[in-house]
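Written out below as structure tokens is the structure these notes cover.
Along the sequence shown, residues are numbered consecutively beginning with 1. Counting starts at 1 for both ligands and their atoms, following the listed order. Keep in mind that the numbers below use all heavy atoms, side chains included, and drop hydrogens, waters and symmetry copies.
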Amino acid sequence: MQTKILCADDKQVVSAAAELLVNGELVAIPTETVYGLSADGLNPEAVAKIFKAKGRPQDNPLILHIADARDMEKFCHSIPESAWTLAETFWPGPLTMVLPAKDIVPKCTTAGLPTVAVRCPDCEITREIIRKAGVPVAAPSANLSGKPSTTTAEHVYHDHNGKIPLIVDGGPCRVGVESTILDLTDEKPRLLRPGGITLEAMAQIVGEIVIDKAVTGSIDKDTVVKAPGMKYRHYAPECSVIIVDGSTEAAARYIGKHFSPNNRVLCFEEELQAFSDFAPLSYGKEADTDTLLAGLFAALRELDDPSIGTVFARCPAGSGKAMAVQNRLLKAAGFHRVNAELFVLGITGGTGCGKTTLLKAFEAIGGVVMDCDAIYHQLLKTDTVLLGAIENRFPGCVEDGTLNRKKLGLIVFSDPAALADLNAITHGAVKAEVLRRLDLATAPVAIDAIGLFEGGLAALCDVTVAVTAPLDDRIARLTIRDNITPEQAKLRIHAQKPESWFRENCDYILENNGTASNFQEKCFAFFDKLSIIKEKA
Ligand code: TXA
Ligand code: MG
């Protein structure tokens with residue numbers, strides 16, 4: 001099928017589009033929010049074509065677009081007074097209302113729900129097409145299901161060239177994100193999707209509005225939700241998206257630590273300079289939320305490139321229209337959001353130096369310690385991928401899902417290449433788990449690892465510190481703690497990196513060379529000096 005593009009000011013456009021619609025065909029139409037893929041909303045066969053063209057799940061109902069507010073009555077019943085007031089105030093415009101459906105609306109349009117979503121778009125040419133066709137049009141956003149929405153005719157052409165007969169080109173969409181959806185079928189009005197009409201503006205008319213949990217949180221695939229569309233991964237480029245919260249400076253530091261050459265940054269125009277090392281793409285001005293709405297989808301589509309690994313995205317704070325940006329970005333990110341302001345301290349040092357004192361002091365000021373040794377042992381119990389990788393490299397070392405550490409030890413301690421292979425496997429798994437925990441952390445974190453640098457963990461830290469101690473003190477401590485002879489203690493210490501190595505590689509060295517309480521004081525003084533911890537703790 002050849003896909004024709006007609007400009008909105010083309011004289012034939014209204015009759016051409018209306019004729020196709022009446023004949024049960026699909027037409028891509030401009031609206032003030034995003035482009036829609038429309039069909040006669042009362043014709044089940046035509047509506048079925050929308051689901052097919054988009055690859056849309058069958059349980060996801062469509063919005064019925066009408067040309068005049070009074071047409072609501074044709075398709076909805078039990079319409080509350082507030083719906084009329086909302087229509088009077090915001091229509092034509094980016095508001096969709098969910099109301100009880102009349103029988104005339106086919107089940108495939110509502111996905112079998114007893115309700116229907118209606119909206120009168122603020123786009124003259126589209127309303128003319130609807131009037132001329134004489135039917136309401138069902139129209140989802142014209143993107144392929146799950147992909148970023150279409151805000152230009154070119155976007156639609158990209159997704160549907162050869163599959164639909166006509167695209168009406170009305171230029172770039174003014175608002176840029178899909179309509180606000182308000183459900184008016186419950187006791188209290190409920191926001192199902194934030195958009196260009198803000199919660200605050202609607203509340204002035206309808207009073208308190210419940211915010212549906214799908215707006216801000218991730219929803220399980222099998223959960224029954226009010227707006228079925230909200231539970232799917234949405235608006236998403238192929239790559240993974242991570243929202244990075246915090247100041248520009250903190251975000252630049254965070255991204256610097258995590259950035260790979262095939263990564264990109266999606267940021268505010270004001271931040272382009274700060275992120276210049278990270279292939280930044282701006283989607284609008286932080287100071288002007290309208291520009292963020294208008295630019296978001298075009299930017300997400302540009303980042304939908306198989307060569308991109310991860311996109312670090314900046315998201316505006318606050319309420320009002322920013323809510324719509326937050327919602328779309330959160331969905332694009334699969335709700336993956338990190339706090340760049342989180343302070344991460346790397347703590348390392350040889351055995352017997354007294355690292356524990358420093359860790360305890362860190363906890364005492366409100367920090368959280370991630371003990372990488374404990375994480376590793378935990379993973380050996382739960383991480384089947386890790387165990388599989390070990391078994392794959394060292395056949396016979398995993399028996400019934402349990403690592404035989406003696407057997408593995410015998411292999412790796414006599415063979416440096418085998419040890420390097422084991423480290424490559426375990427370091428990767430531990431780092432992935434640390435990253436996962438860092439994403440969830442809300443208090444300053446100390447990563448405690450003897451192999452802080454070898455395991456690639458130092459790169460995640462704002463500051464690294466090593467604890468050192470005089471050799472005799474270490475030997476004495478180890479003989480008591482581990483009940484071994486001084487000779488054995490010496491052997492253990494010599495098997496590790498020398499003190500000089502820590503001095504070369506760490507930002508700070510804390511010498512544990514006095515009494516226990518001296519050292520404890522030293523630790524607290526150190527945290528004081530790193531005032532960032534004191535502020536956050
Ligand atoms: O701005 C817009 O609303 C655009 C333009 C084309 O008008 N349309 C749009 O449609 O965004 P779509 O299909 O991409 O999103 C419609 C959303 C889905 O999340 C769907 O689950 C929800 O509306 N929805 C539709 N009917 C519903 C109903 N009866 N009850 C609850 N949610 C409904
Ligand atoms: Mg959509």
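Distances from the Mg ion (ligand 2) show that Ser141 has an N/O/S atom below 2.8 Å.
Here Pro140 has heavy atoms under 4.0 Å from ligand 1 in both its backbone and its side chain. Counting heavy atoms closer than 4.0 Å to ligand 1, residue Thr115 contributes atoms from both its backbone and its side chain. Neither the backbone nor the side chain of Thr110 comes within 4.0 Å of ligand 1, counting heavy atoms alone. At a heavy-atom distance under 4.0 Å, no atom of Ile29 approaches ligand 1.
Screening residues 260-271 for side chain to side chain donor-acceptor pair (under 3.5 Å), with sequence neighbours left out, gives Thr248-Glu271, Glu271-Arg314.
Under the side-chain contact (heavy atoms from CB on, under 4.5 Å) rule, His160 has a single partner from Ile167, Leu144, Thr3, which is Leu144. For the side chain to side chain donor-acceptor pair (under 3.5 Å) test with Arg190, the passing option among Thr185, Asp212, Asp183 is Asp212; the others fail. The side chain to side chain donor-acceptor pair (under 3.5 Å) with Thr31 is formed by just one residue from the set Arg127, Arg174, Arg119, Glu178; it is Arg119. The side chain to side chain donor-acceptor pair (under 3.5 Å) test with Arg301 is passed by exactly one of Asp159, Thr152, Thr151: Asp159.
Near Val116, meaning under 4.0 Å from any of its heavy atoms, are these atoms of ligand 1: 29 (N). Numbered from 1 in the order shown, with element, the atoms of ligand 1 that lie under 4.0 Å from a heavy atom of Ala117 read 25 (C), 26 (N), 27 (C), 29 (N). Here is the list of ligand 1 atoms found below 4.0 Å of a heavy atom in Leu113: 28 (C), 29 (N), 30 (N). Numbered from 1 in the order shown, with element, the atoms of ligand 1 that lie under 4.0 Å from a heavy atom of Leu192 read 31 (C), 32 (N). Listed by number with element, the atoms of ligand 1 under 4.0 Å from a non-hydrogen atom of Arg119 are 1 (O), 2 (C), 3 (O), 5 (C), 7 (O). Every atom of ligand 1 is numbered from 1 in the order shown, and the set under 4.0 Å from a heavy atom of Gly36 is 6 (C). Less than 4.0 angstrom separates some heavy atom of Thr33 from each of these atoms of ligand 1: 1 (O), 2 (C), 4 (C), 5 (C). Atoms of ligand 1 found under 4.0 Å from any heavy atom of Ile63, numbered from 1 in the order shown, are 3 (O), 8 (N), 9 (C), 10 (O), 16 (C).
In this structure, of Lys54, His65, Arg190, Glu32, the residue bringing a heavy atom nearest to atom 7 (O) of ligand 1 is His65. Of the candidates Thr180, Val34, Val177, Val34 brings a heavy atom nearest to atom 4 (C) of ligand 1. For atom 23 (O) of ligand 1, the candidate residues are Val105, Thr150, Ile181, Asp59; the nearest heavy-atom contact is made by Ile181.
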Report the C-alpha separation of His155 and Asn143 in whole Å, then their side-chain angles, then the decisive distance to 0.1 Å, and conclude whether the side chain to side chain donor-acceptor pair (under 3.5 Å) test is met.
-> CA-CA 8 Å; His155 293 161; Asn143 53 285; over 6 Å; no
Salt bridge (charged side-chain N to carboxylate O under 4.0 Å, His left out) assessment of Lys132 paired with Glu19 = CA-CA 9 Å; Lys132 177 95 178 174; Glu19 191 182 330; over 6 Å; no
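In this structure, a donor-acceptor pair under 3.5 Å is present between the side chains of Arg193 and Ser179.
Annotation: Lys381, atom NZ; neighbour count of heavy atoms from other residues, nucleotides and ligands within 6.0 Å does not exceed 12.
Considering backbone and side-chain N/O atoms, Thr31 never comes within less than 3.5 Å of an N/O atom of ligand 1. Between Tyr35 and ligand 1, a contact under 3.5 Å exists for no N or O pair. For ligand 1, the polar-atom distance check against Ser179 finds a nitrogen or oxygen pair separated by under 3.5 Å.
Within the structure, the closest approach of Ala139 to ligand 1 falls below 4.0 Å when heavy atoms are considered.
Between Thr33 and Pro121 there is no side-chain heavy-atom pair separated by less than 4.5 Å. In this structure, Val137 and Leu21 have side chains that are in contact, with non-hydrogen atoms separated by less than 4.5 Å.
Between the side chain of His77 and the backbone N or O of Glu73, no donor-acceptor pair lies under 3.5 Å.
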